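Step one of this worksheet: look at the structure below.
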Amino acid sequence: MSRYIATRAIRGANLIVAEAERMLKEAIAELGPDTPVKFTNTAYYLPVILAFTGREVSKLGDLVPVIEDAKRILHPIPGDKLWLPYLGETLDCGMATLLAEEAIEGIRFARGLEPQPITWEGSYIPSTSFTSPDMEAQAGKRLNGPIDDIQLRAWGIQLVDGRMPGFAAIVGCAKSNEVAVQIVRELQQRNILVFLCGNVNGRSIIHQLMEEGVEMGYDTYIIPFGTDTIAAIYPLGFAARSALTFGGLKPGQAREILLYNKYRVFAFVLALGEVDDLKYATAAGAINYGFPTIADTVIPQILPTGVTTYEHVISMPFDDIEGKDDLERAKKLVQRCIEVRGVKIKITEVPIPVPYGSAFEGERVRKADMRVEFGGKYSRCFEYLKMSDFDAVEDGKITVVGPGFEDVPPEGSMDMGIVVEVAGRKMQEDFEPVLERQIHYFINGASGIQHIGQRDIAWIRISKAAAEKGFKLEHFGKILYARFHGDFGAIVDKVQVTIYTDKAKMEEWLAKAREAYDRRNRRLADMTDESVEEFYSCTLCQSFAPNHVCVVSPERLGLCGAYNWLDCKASHQINPTGPNQPIRKGTCEDPVYGIFSGVNEFVYQHSHQSVQQVSMYSIMVNPMTACGCFECIAMVIPEANGIMVVSREDPSMTPAGMTFSTLAGMAGGGLQTPGVMGHGKYYLTSKKFISADGGFKRVVWMSSFLKETMAEELKAVAEREGDPDLIDKIADERVATTVDELLPYLEEKGHPALTMPPLF
Amino acid sequence: MPVGKVVFDVPKMYADHHVEAVRKALLALPGIEEIIASSALKRVVVRYDTERLNPGAIEQALQAAGYAPGEEWELPKLPEGKEDHSPWFQVIPRVTTTDRRDLEMSGDFRKY
């Protein structure tokens, strides 16, 4: 253990705890102890404090015992002459630092100073996407502040399925803007979340990226938290909440939460520029989580393994890294970080002239930056994937039939059709829509390309920057060829892509595609739970929620919305030992509640004996558990004899007296809570939606977001239920956020739930 | 324009949020040419226009912002007898002996 690091970290911890105490006294004297302290849109109070001490901080006065906790684990600064083993003391002080830092952020929130304001400079266009809905009005003027629960859950599925291998907390300022961009791009290409904070001499990597016009926000996986080191508490709060949200751990289980992070959350700290006392102290806090620190300056190292999987602290002075230029050095620095944390990354090389990776999936191409678009308002675009005979497919053949976009004026549009023909011994017609849906993710992965929609309402934009780098139509084919082979190699042996821009040919293929879409719709609609012998499990999220097992049937898709029965079937074919295993239904013990002996056995075995019975069609009796990635939460409103359905996108209050975030704590973590259930949006349209409890007619309240985005589908459900006006009878947050407001509304509209048999 | 340079040790500037505060205070002065504030060294180097500014005014600005050169923060008094009874020690049992496996695993790293 380095005495130098221990001294500086312990001193930093003592100083920051003293500062937090001073700030708290001033704030209480000025604002009063009852002044609310609340991070944006989270049910986890101040998450680090909650996780490690179990204290629910909601007002300034609640921070007083937190500071006392921090002081209790402080240690004296090591003396000059007496050398001791310091690791334990340093780690304790690291934890005290985190408590103090979060307390400071809480005080700043109470004073309205967080999220931190910032002046936009350079060519950066502020995005509204990285602020929480509450903060949207402030978008462009403030940094992100803490990540809200909505985003944490939205990323959940990607974190567990390996698409997002971990996160990098970058603190400080890079050698140059060019290096800053290169570091971030390297991480983005590996789909690693990039969290930014800190500064050196007042300049932060956030400023550097802004000046270079790098789009920051939730969509691009780059989150600017704040321009000081104290903001590093937000990524650590994110990590603590991962354990609480997905790991089923309870506040106060400090040791388990730290171990959960060590083994399941692959994160590291990259310190750019000089390292001061507080940075050492914060790094010590991160080491508690098992997160190592890599510095690009000369600092002492802590090499033995132990608390972290590999080295604790690594020094890699930037100018000493071997490489022909700074860009290559930046690349090597990132590679070293990944190696030190042991982040597992799977990359498919895609031979196109622009960077490629999932982190570019959410990138938008604005009209002013657009070179050309296909689909949308002024043109048509479709995509169609079909299975063909082995001999009819020439692997790797990419053809463009018709003109390229070279003659289209800038910001113009043109028609295009993408036809992918695949062949494979294990390929089945049922997999066509599953594979076709991947086109969206595959194409979106290219930097400067935006893909929206699917089938014959696809809409693709190519940015000017991508076109200048040489992106052409044939590159769509190259992306699809590489990714289908890379991701679906187990079922796809040959892939051939044809891009049609020739009008006559395009119309011809569009007609063929539409026939296929109709055929698929009918096939999927006809499939019922009774018509199959097997359901599928999804234990993908067990890396995060160890006791949760999702049971996916034709009439009940996975709660994350990402996997339906066909997806699971395809996934099982691709990876027979993977997370989607067939579940023999066995004897049907109760057709109304959907209780099957095979399902019960499987769930009992795979939930580590924590769940004994699951009813597929009930919210009241042994409902299915949830990990934390659910799109919606359904909860019983006893007074209304019905249920409410709140969507992840809805931050408003619900008649249950809780927001989505708070409810999620009850519904997630693999717990079976009668009356509460996490589910996918499209389960609402299923005939089996809580059919044992009365079905869709029980829905008395629903987020307006769902009503609007699923208007057509819900209308069809209402008609199927024999009450075409049912959707209008369902309240939403615009008319009722309390039970007192809800009941008169339901009575006025004559909602059927009021006259249905009692729920319990 | 004659440019002067002055260096202050500012022990209170131990972290980058203090750097921001120090820079903000100094940038408000007329005649500032360049500020290099290092929280690692706890030192501020200021280059300034000697016709418009003098070291005394810079020191005064630092003092007004709460960062008087040479002044230290007061550290918290540690609670007495904290070992073993705090919640932290109850939650995480402390290991005070070296695990044999750790020794074997550390191997060559010992030289560091």
Side-chain angles (χ1 to χ4, degrees), chain A residues 2 8 11-12 14-19 21-22 52-54 67-77 85 88 92 95-96 104 171-172 197-202 204 226-231 252-255 258 273-279 281-282 297 300-306 311, chain B residues 11-27 34-45 66 72-99 101-112:
Chain A
S2 157
R8 300 209 59 179
R11 187 168 57 209
N14 277 280
L15 286 164
I16 197 75
V17 171
E19 189 168 349
E21 188 176 27
R22 204 166 39 245
F52 297 120
T53 68
I67 298 295
E68 291 306 312
D69 288 340
K71 279 160 75 175
R72 252 180 244 126
I73 49 175
L74 278 180
H75 292 267
I77 298 166
D92 283 355
M95 192 48 76
I104 291 177
V171 187
C197 57
N199 74 72
V200 175
N201 192 25
S204 169
T227 56
D228 57 28
T229 303
I230 297 174
Q253 286 183 284
R255 185 171 188 270
L258 293 174
E274 63 173 16
V275 183
D276 56 37
D277 289 355
L278 186 61
K279 284 177 184 159
T282 309
T297 50
Q301 308 193 102
I302 307 179
L303 297 180
T305 59
E311 296 87 342
Chain B
K12 280 187 162 183
M13 198 176 63
Y14 71 92
D16 53 8
H17 60 289
H18 295 304
V19 168
E20 286 182 325
V22 164
R23 287 181 59 88
K24 193 177 168 196
L26 295 184
L27 282 169
E34 189 188 15
I35 302 165
I36 300 171
S38 162
S39 47
L41 302 172
K42 298 172 190 167
R43 188 171 293 162
V44 188
V45 181
E72 301 255 6
W73 290 114
E74 196 184 323
L75 291 178
K77 286 193 189 85
L78 297 178
E80 280 176 27
K82 66 192 176 63
E83 294 86 4
D84 307 323
H85 298 296
S86 67
W88 183 258
F89 286 87
Q90 286 159 22
V91 173
I92 303 182
R94 295 293 301 275
V95 176
T96 51
T97 50
T98 304
D99 191 313
R101 286 166 301 179
D102 282 342
L103 265 180
E104 285 167 3
M105 208 162 36
S106 55
D108 287 346
F109 291 132
R110 284 277 146 189
K111 68 184 176 197
Y112 294 99

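A, B, ... follow the sequence lines: proteins, then strands. Residue 1 opens every chain. Values reported hereafter were calculated over all heavy atoms of this structure, with side chains retained and with hydrogens, waters and symmetry mates removed. Just so it is clear, the model here is predicted, and its values are computed rather than measured.
- Closest non-hydrogen pair, Val275(A) versus Ala40(B), comes out as O-CB, 3.6 Å.
- Ile77(A) touches chain B through its side chain: at least one heavy atom from C-beta onward sits under 4.5 Å away, while N, CA, C and O do not.
- Shown here are the side-chain hydrogen bond (donor to acceptor under 3.5 Å, both in side chains) partners of Asp277(A), two or more places apart in sequence or in another chain: Arg8(A), Arg11(A), Lys42(B).
- If you take CD1 on Ile16(A) and NE2 on His17(B), they are separated by 4.5 Å, rounding to the nearest 0.5 Å.
- Residue Leu41(B) holds its CG atom at 6.0 Å from CD of Glu274(A), rounded to the nearest 0.5 Å.
- Closest non-hydrogen pair, Gly202(A) versus Val19(B), comes out as N-CG1, 3.5 Å.
- Between Asp228(A) atom CG and Glu20(B) atom CD the span is 5.5 Å, to the nearest 0.5 Å.
- With Asp16(B) contributing its side chain and Gly198(A) its backbone, the two residues share no donor-acceptor pair below 3.5 Å.
- Heavy-atom distances place both the backbone and the side chain of Thr227(A) under 4.5 Å from chain B.
- Here the side chain of Asn201(A) pairs a donor or acceptor atom with the backbone of Ile35(B) at under 3.5 angstrom.
- Note: Leu15(A) CG to Lys12(B) NZ = 11.0 Å, rounded to the nearest 0.5 Å.
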